[in-house]
Amino acid sequence: MRFFPRTTTDLIEDAFDDMFNFSFFGRGSSLPMSTDIMERDGNYLLDIELPGCKKEDIKMELDNGYLIIHATRNGAREQKDGKGNVLRQERVSGNFQRSFYVGTLVKEQDIKASFMNGELKVIVPKKEAPLPPKKWIPIK
């Protein structure tokens, strides 16, 4: 997902990225990372829900303009009857990730993140590449 789509092609690629970013298609995650993205004071603010995750189970990387967030959740909690049989287990465990295009001008040291109560807050400065200057083509 790109913060600032530059062309119609970018919009189409983003739609396909979102559509195919599910484990059903063999990519992405089976656990959602619900994310709110806001723009404020020249920054993008990401508010990402990661219930059941611990701070040490979350990793972020910047790769070719993409901010990639990896997380692991171990929600396994068994409820057994008096004989030791599992009655029901509905906790979801697994590894998952999500990526956001932030542009190639953003550096690792520019990104700030905090995690509390299952909520990851990330601040990314808005740095868009300047448009190239117009080049006039002579007519002969």
Side-chain angles (χ1 to χ4, degrees):
M1 174 177 288
R2 297 176 196 275
F3 289 140
F4 42 91
R6 294 176 305 279
T7 65
T8 304
T9 303
D10 291 337
L11 291 170
I12 293 169
E13 287 176 3
D14 289 343
F16 279 102
D17 285 348
D18 289 344
M19 182 171 44
F20 291 104
N21 198 21
F22 297 101
S23 62
F24 176 80
F25 295 102
R27 240 181 93 198
S29 90
S30 60
L31 304 172
M33 295 175 83
S34 298
T35 304
D36 294 332
I37 302 173
M38 293 153 277
E39 185 179 348
R40 188 176 301 134
D41 301 325
N43 294 306
Y44 292 112
L45 309 174
L46 285 76
D47 192 356
I48 305 167
E49 292 180 3
L50 294 168
C53 290
K54 298 176 191 164
K55 181 180 172 181
E56 56 270 12
D57 295 332
I58 302 168
K59 304 219 180 330
M60 293 192 326
E61 67 176 309
L62 192 59
D63 184 19
N64 286 332
Y66 284 89
L67 175 64
I68 305 167
I69 301 170
H70 307 268
T72 301
R73 182 169 77 182
N74 184 2
R77 183 171 45 170
E78 293 180 355
Q79 188 176 21
K80 297 183 179 186
D81 64 7
K83 298 177 185 175
N85 298 320
V86 175
L87 299 175
R88 184 178 201 146
Q89 186 172 359
E90 294 185 347
R91 306 293 182 255
V92 179
S93 298
N95 299 316
F96 49 111
Q97 75 177 30
R98 186 146 182 208
S99 62
F100 303 91
Y101 187 77
V102 297
T104 56
L105 298 178
V106 175
K107 304 298 177 214
E108 291 88 355
Q109 61 269 20
D110 298 333
I111 300 171
K112 307 291 184 237
S114 63
F115 183 74
M116 184 184 293
N117 299 326
E119 202 169 325
L120 178 65
K121 294 190 180 282
V122 182
I123 300 172
V124 180
K126 184 178 179 182
K127 293 186 176 183
E128 295 184 37
L131 295 173
K134 289 182 184 179
K135 293 186 180 183
W136 297 99
I137 300 169
I139 301 172
K140 297 181 182 185

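Note that the numbering runs from 1 along the sequence shown for the chain. This is a predicted model, so every value here is computed, not measured.
The two residues Arg73 and Gly52 make their nearest non-hydrogen contact at CG-O, 3.5 Å. The two residues His70 and Ile68 come nearest to each other via the heavy atoms NE2-CG2, 3.4 Å. Looking at every heavy atom in both residues, Asp47 comes nearest to Glu119 through OD1-OE2, 2.5 Å. The nearest pair of heavy atoms linking Leu50 to Phe96 is CD2-CE1, 3.6 Å.
Annotation: side chain of Val122 is not in contact with side chain of Phe100 (no heavy-atom distance under 4.5 Å). You'll find the side chain of Phe115 reaches within 4.5 Å of the side chain of Ile58, heavy atoms only. Using a 4.5 Å heavy-atom cutoff, the side chains of Leu120 and Met60 are in contact. For the pair Met116/Ser114, no side-chain contact is recorded, criterion being any heavy-atom separation below 4.5 Å from C-beta on.
Between Val124 and the choices Asp110, Leu46, Leu45, the side-chain contact (heavy atoms from CB on, under 4.5 Å) rule is met once, by Leu46.
Ile69 and Ile123 fall into different hydrophobic clusters, defined by Ile, Leu, Val, Met, Phe, Trp and Tyr side-chain heavy atoms under 4.5 Å apart, directly or through other members. Ile37 and Ile111 fall within the same hydrophobic cluster, where Ile, Leu, Val, Met, Phe, Trp and Tyr residues are linked whenever their side-chain heavy atoms come under 4.5 Å apart, directly or through other members.
Once rounded to the nearest 0.5 Å, the distance linking CE of Met38 with CG of Asn43 reads 11.5 Å. Residue Met33 holds its CE atom at 11.0 Å from CD of Glu49, rounded to the nearest 0.5 Å. To the nearest 0.5 Å, atom CD of residue Glu108 and atom CG of residue Asp63 are 9.5 Å apart.
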Show your reasoning for whether salt bridge (charged side-chain N to carboxylate O under 4.0 Å, His left out) applies to Glu61 and Lys59.
CA-CA 7 Å; Glu61 67 176 309; Lys59 304 219 180 330; over 6 Å; no
